[in-house]
Asker: 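Provided herewith is a single structure, encoded as structure tokens, for subsequent inquiry.
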Amino acid sequence: MLKIQGLTKRFGATLALSALDLEMEEGEVVGVIGENGAGKSTMMKLLSGVHQPTEGSFSWMEKTVHYKNPAEAMNEGIMMVHQELNLIPTLSAEDNLFLGREQTTFGRLDRKSMSAKAEALLQKVGAQFSPKTLCEDLSIAEQQLVEIARALLFDAKLVIFDEPTAVLSQVETDRLLDLIRELRDQNVSVLYVSHRLTEVLQLCSRIVVLRDGVKVGDFTPEGHTEADLAALMVGRDLKDIFPPKPTVQDQVVFQVSGLESGKWAKDVNLSVRKGEILGLAGLIGAGRTESSEAIVALRPRDPSTRLWMNDTPVDPKNYQQAIKQGLSYITEDRKGKGLVTSMSVEDNIHLASMDRTYPGKTKREVTTDWINKLGVKVADPSLPMTSLSGGNQQKVSIAKWLATEPQLLILDEPTRGVDVGAKAEIYRLIADLAAEGLACIVISSEIPELLGMCHRVAVMREGRIMGELTGDELSEVNVMKLAAGVTA
Amino acid sequence: GSGDAGAGKPEDIKKPDAMGGTPKTDGTKPVIGVSIPAADHGWTAGIKWWAEQGAKEFTDVEWVIQTAETPQKQIESIDAMMAKKIDGLVVLATESAALTPKAEELHNRGIFIVNVDRGFLKPVADIFVAGDNKLFGTRSADYIVKKLNGKGKVLILRGIACTVDTDRYDAAMEVFKKTPGIQVLDSQFGDWNRQKAFEKMQAMLVKHKEVDAIWAADDDMALGAEQALKEAGRDKNIFILGGAGMKDIVKRIMDNDKMFPADILYSPAMIKDGMKAMVDALKAKKDGKPIDKKDIILPVDLVEAGNAKKYYFPDSIY
Amino acid sequence: MKKIFQTYGSLVALVILLVLNFMFMRGTFFGPENIRNIVTQNSPTGIVAVGMTLVIIGGGIDLSVGSMMVLVATLGLLALNKTGNLQTGTLGATIVTICHSRFGWSFEQIGTFIAAIVTVAGGAALGLVNGMVITSGRIAPFIVTLAGLISYRSVALALAEGGEIRSSSATVFSKIAMGGVPIPGTSNGAGGQILIYWPIVIMIVMVIWGSFILNQTKFGRRLIAVGANEQAALYSGIAVHKVKWATYSFLGLCTGIAALCQASKFNSVSTSGLGLYMELDAIAAVVIGGTSMRGGRGQVWSTLIGVLILGIITNMLVLYGVSVYWQGCVKGAIILIAVLIQRGKTE
Amino acid sequence: MKKIFQTYGSLVALVILLVLNFMFMRGTFFGPENIRNIVTQNSPTGIVAVGMTLVIIGGGIDLSVGSMMVLVATLGLLALNKTGNLQTGTLGATIVTICHSRFGWSFEQIGTFIAAIVTVAGGAALGLVNGMVITSGRIAPFIVTLAGLISYRSVALALAEGGEIRSSSATVFSKIAMGGVPIPGTSNGAGGQILIYWPIVIMIVMVIWGSFILNQTKFGRRLIAVGANEQAALYSGIAVHKVKWATYSFLGLCTGIAALCQASKFNSVSTSGLGLYMELDAIAAVVIGGTSMRGGRGQVWSTLIGVLILGIITNMLVLYGVSVYWQGCVKGAIILIAVLIQRGKTE
Ligand SMILES: Nc1ncnc2c1ncn2[C@@H]1O[C@H](COP(=O)(O)OP(=O)(O)OP(=O)(O)O)[C@@H](O)[C@H]1O
Ligand SMILES: Nc1ncnc2c1ncn2[C@@H]1O[C@H](COP(=O)(O)OP(=O)(O)OP(=O)(O)O)[C@@H](O)[C@H]1O
Ligand SMILES: [Mg+2]
Ligand SMILES: [Mg+2]
């Protein structure tokens, strides 16, 4: 079906993909893994006509093809779900599904027939919302479901998924994996990119590993473990992914009681001690993001809400005040809200703490300190953020907030879209920070990482805290029960 | 242009029309619209000011004064005046051809029209207060030729390409071309604007080292030209002829300023003349006398030191 | 509630204006002729604003419409005036003569027809040029059309050698703007019925057409996509360039039609005055109608309301006798208030 | 190579223009007086464009600068003319009298001083108003400042009754624009040396100040962040509103300074003509300089080059004797070419 020969792509000086050879049969599901910046997305974008190869070529259905744009690839049955969301916020879910491939009768949109198809398809991927909802009113996860449905809309022969599950919770992920198996049974080929190695092992009939643009492995999953894959990706052995949990001190750093914010936070009570890592679990749409934003005054909260920092009542009116009082929040939307990608690494690190002065140190020295402390891999701090991989970008956002000298750090999905190697580093970093006395709240949709990292896990559902788990109670089953609202 | 032809049986102006206008019974004042170009440079600002003076002076009438940047806007404001049920219209057209169809429409409804300065293409005005921009051009060029004794180099500052400008410019050029000793070195648009005229004149002065006279299409630009001459240190042995009778210029003519030996009168007070004609017509009608519909020819006089005093209005804004 | 304001905000603003007029002006404002006049005067702006709505929804802007208008109107009138004067023996002359003798068309009719074609097609062509420079030069639309704003009028000036071009057609050409459908039961001053002039009819047709394009066709979906997120549109297999070409070209077409109406109404073209500030009026109308300058969101019908609001304001300022000096101030304030109302920012 | 073009593209365009002039015009163009003229004429635009650069980098735009200019200049001159005429016994009169007797300032000097303060502070205040309406009304800058464009001039017209305001100061006030630093070794026609007028000096100071703000201060970083990604700026704890207020206010300040230069130069203000189209010139200069209309990226010094390019074009059109009718066309084309060069799109 698909035969790739010597496919190479350069972006200026970067060699993103180097002489890749690969063959794929009908109905095969091939997993592609690799570190951030290994060239996975580049490879997929070449196949789907977004980029054109610098060298090499590939043939599709027995004929060599050179796609100039995505439209040409689509016409020949190659569909791609991109890593970044690519929906039109001002159009409804169903309009987005059919975008570029609208059905018309006599030049007029055939809404009825499109609606019917959209409804069926969205149900199939497990969407709970109406197809008429505007995409801007959907959560990130819901939007991802629309993206997935879009790839399934027409009879594609090859479907490329680039990290489709990064923003999905367990339930939705499982449903997607089932869908992909269904596709396989219909003889559709699938390329599947993910940082979640468990999924890859479960799903794929073959696994390809990329490192620095070069294929370093191509094998069937039998007899391989996650640790093997990780080692192969990173090029060295990863021992314990999770560092030992630091000791919690007595001092309660942060406390909130009766947090109310619209329909997204209802009577939320939380407290974190010095050196403690509190996990916040929940299904997608549980209101964890909104609660956090309400705490730091990025979103209005009800005046009845009461907050304490170190037993002193505080009431930040805006984010600037909250920051001064030692609160900080790292957003889940790194690209959209977290970083100014066109600015340099250095500027981004200082962006939230420009009022701070560092006697006896230059700005550049401070920057270098942070880069060393967090292990950001960047040649020159004056390079723009766009030249960094996802994991390194995340480290920069953490540095940005550490530079404000916070007492409480809220991390929203800190490992989303980050490769295993970088994940391990981020876990270690959070543990180190806690050990230094920082109070942390970690929001994550990956339950294992909460279990591995946190002293305590609070579970949210529909804007409420359903319960808190510590010690022996910390298990995937218990978290899921609370998150799903199973009371028994 | 001719303002009037056959349209003037007294019944015609026996108002009101089918716009549903109530006849003005005794005691209520007639409503008269005054439609003029927007004050986008000194002269048009002068028009506006004189219109207000007229409104203050002729109190027997309720005046509705409106300005407009473009023919389109002028028609809009005339239509709005119609909704206000005006009994007559004094109009100085932004562009005469463009306003002709609208004037014709009003005329057909029997609205009494006084057309000021720029004549319509069809005989639809009842009274025409005629300006003559071609004469403006001819007179000013004639003066320059005479003053230079038929020999010299001239720079030209035009306004914005529109009929007023082309009329003045073409007429002046005709005179200059007829005189072999006169050399027109260059001509540029100064947009009726002092700043723009200044900039264009600076550039022209760099290019042309010997200049004897400057012809400017109006006094605003003449002042811009003067500024450029001063800054270049070339304000000797040269004179500027502008036009329109701006008070500063007239004053300097009175004071025997070498830079401004003369000016061509084209006074914005003409709008007040038009309003007066309208008032007289209304009065005649009320008294049952025949209306004097003779066109008024506006003076396009040459202002010189000798007669300047007559044309000096220190209180005018222009 | 907020949603309603956002969707129908411009309508609310319009209704408030109308109610104000009803309370203070009654018959003077609401006379059929005054209403007709407001609509007629603003129909060229309306026609241009339909195209402008699509361009702005597509994430662009066009500052060149006013200058484009004067250029294509000039071309149209030159063609009209030429028709009677063609050198015998040339192809054009032959065609004209054939039309004349075979179909019994008068030279004036043929000229008017040719002028209409030249003006409208010229607009579409210039619009296409704008679109192509924007896409292939990858220059911001603001700059490309700013260059157009400066250039197009200059070409018109050069063609007309300054000043003004008058149409050589005595009656036929002006019928385009001055003919129309009579409204039953009304009477104008000159003994006939009040006409709904063709430009009004054309504007309504264009609004319906524009709305249809935007809401009922593939092209409309794609346009919204391009305006909201150009990259996503590209990834969805949309030929972004072509969508832009078509949109600017459509705006050019609208501009051409509006130019024809204007030239016909004045039976002449003033190269310095025609279309001046048209771009600002059209853009203001689009925004007052609630279309976002950021692209991806908007409606054509609400632009029509924006046009009417602007027209009514101008009319009101005259009716209420606001001093001409202060009119600009009042107008600016009302524009802001209208935009605020349509945002539903009533908290 | 491409990088160089992108960074220094505007400089390349400028050099090309200069070389062209050198080849064809030599002394005429390169005479110290012509160069000085070009720079002087464009210094008000340059001063405004410095502020406009910051506003555009911050993701905004301001169409109101031309009208704001005429308004604050009018206010300044009114204040100047009033100073001599104050009613005795009022506070103002007392202060003026004290300054007069204690410091030996002439009434003319005091008036000039007051006029300068009023004009510049007025500009900053109006800019702040723009900024506050934009942020608290959450209305697109294009619309808010369009309303300003319409309103501000209207207020000036009303204050001056549509005409011109002449300064009552015979010599002192005009020194602001007509005084300056003599260039050694030159001579003007009147026997003195050619002066580098104060507006040129002020423009250079403003460019340096603007560059400093943009590149060397916290505020500059924040401004770039706001322009590049407003959400991210908000989520980084930047007080986005305040950044915008400061930026529009700074532009207002620049506009006030430019207004002062203009009013002083002509020792009068023509309310109908001053500042007309200033917004388009300033924006064009910013973009030709290579600052992106999308915000988050740009330089102040390259805007200065944009201003010079525009000024040189206008000057060249006269020197080369380009037909007056075609000048607009040539200017439009050169703007496009300059933008293309600075994009490095020479492939
Ligand atoms: N448009 C581009 N311009 C320049 N460099 C690019 C571009 N796209 C990708 N790169 C570079 O190419 C390399 C491979 O990037 P790619 O996006 O393919 O990585 P990836 O394997 O998908 O990583 P991730 O897991 O973070 O998604 C990286 O160094 C990246 O910075
Ligand atoms: N601007 C908004 N308008 C309407 N609904 C919103 C908006 N923002 C969020 N919501 C809704 O609020 C709920 C909670 O949002 P969100 O999905 O961010 O929660 P979360 O628990 O943070 O989930 P995640 O796992 O994605 O972090 C969802 O139902 C979402 O659709
Ligand atoms: Mg990727
Ligand atoms: Mg969330």
Side-chain angles (χ1 to χ4, degrees), chain A residues 11-13 289 292-293 296-299 316-344 346-357 363 367 382-386 393 396-397 399-401 403-406 410 412, chain D residues 1-7 53-54 56-60 132 135-136 138 140 211-247 290-299 302 343-344 347:
Chain A
F11 294 106
T289 300
S292 315
E293 289 183 354
V296 298
L298 272 167
R299 175 183 283 277
K317 292 274 177 273
N318 55 43
Y319 200 17
Q320 291 83 333
Q321 285 183 12
I323 292 169
K324 283 208 187 80
Q325 287 158 356
L327 295 160
S328 62
Y329 166 74
I330 303 181
T331 168
E332 60 183 337
D333 184 1
R334 203 163 55 220
K335 229 168 99 190
K337 297 173 178 165
L339 297 164
V340 182
T341 45
S342 59
M343 291 176 88
S344 71
E346 173 162 49
D347 283 338
N348 271 285
I349 287 178
H350 292 278
L351 202 54
S353 55
M354 272 187 281
D355 291 329
R356 261 189 83 181
T357 49
K363 188 175 165 193
T367 310
S382 47
L383 287 173
M385 283 310 294
T386 37
Q393 289 191 0
V396 172
S397 348
K400 174 171 95 178
W401 288 107
T404 65
E405 297 191 302
I410 306 176
D412 198 350
Chain D
M1 188 61 199
K2 207 177 158 196
K3 195 88 192 170
I4 292 180
F5 257 114
Q6 283 176 348
T7 318
T53 310
L54 296 193
I56 289 178
I57 289 177
M132 292 180 90
T135 53
S136 39
R138 272 178 284 164
S211 281
F212 178 79
I213 291 180
L214 184 65
N215 299 318
Q216 309 289 339
T217 67
K218 292 193 270 194
F219 177 78
R221 299 293 93 175
R222 289 181 175 149
L223 179 65
I224 294 173
V226 168
N229 187 342
E230 194 170 324
Q231 283 277 3
L234 201 69
Y235 274 77
S236 300
I238 292 171
V240 173
H241 282 16
K242 287 185 193 152
V243 170
K244 289 192 180 171
W245 298 344
T247 318
T291 294
S292 154
M293 294 283 292
R294 291 207 201 100
R297 195 186 299 274
Q299 279 302 335
S302 64
R343 289 286 149 83
E347 322 102 283

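These numbers come from a predicted model, not from an experiment. Naming: A, B, ... by sequence-line order, numbering from 1 per chain. As a basis for the values below, the full set of heavy atoms in this structure was taken, side chains included, without hydrogen atoms, waters or symmetry mates.
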Asker: D:Ala239, D:Ala233, D:Gly296: which one forms the most heavy-atom pairs within less than 4.5 Å of chain A?
Answerer: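 The residue among D:Ala239, D:Ala233, D:Gly296 with the greatest pair count is D:Ala239.
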Asker: Check each atom of A:Leu351 against the heavy atoms of chain D and say whether the ones under 4.5 Å are side chain, backbone, both or neither.
Answerer: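 Looking at A:Leu351, backbone and side chain both touch chain D.
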Asker: Can you say whether A:Met343 sits under 4.5 Å from chain D via the side chain, the backbone, both, or neither, judging by heavy atoms?
Answerer: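 The side chain, not the backbone.
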Asker: Any donor-acceptor pairs between chain A and chain D, under 3.5 Å? If so, list them.
Answerer:
from	atom 1	to	atom 2	distance (Å)
D:Lys218	NZ	A:Asp355	OD1	2.8
D:Arg221	NH1	A:Asp347	OD1	3.3
D:Arg221	NH1	A:Asp347	OD2	2.6
D:Arg222	NH2	A:Asp355	OD1	3.3
D:Asn229	ND2	A:Gly336	O	3.0
D:Tyr235	OH	A:Glu293	OE1	3.3
D:Tyr235	OH	A:Glu293	OE2	2.7
D:Ser236	OG	A:Lys400	NZ	2.8

Asker: Restricting to non-hydrogen atoms, name the atom on A:Val340 and the atom on D:Ala225 that form the minimum distance, rounded to 0.1 Å.
Answerer: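 Residues A:Val340 and D:Ala225, closest heavy atoms: CG2-CB, 4.0 Å.
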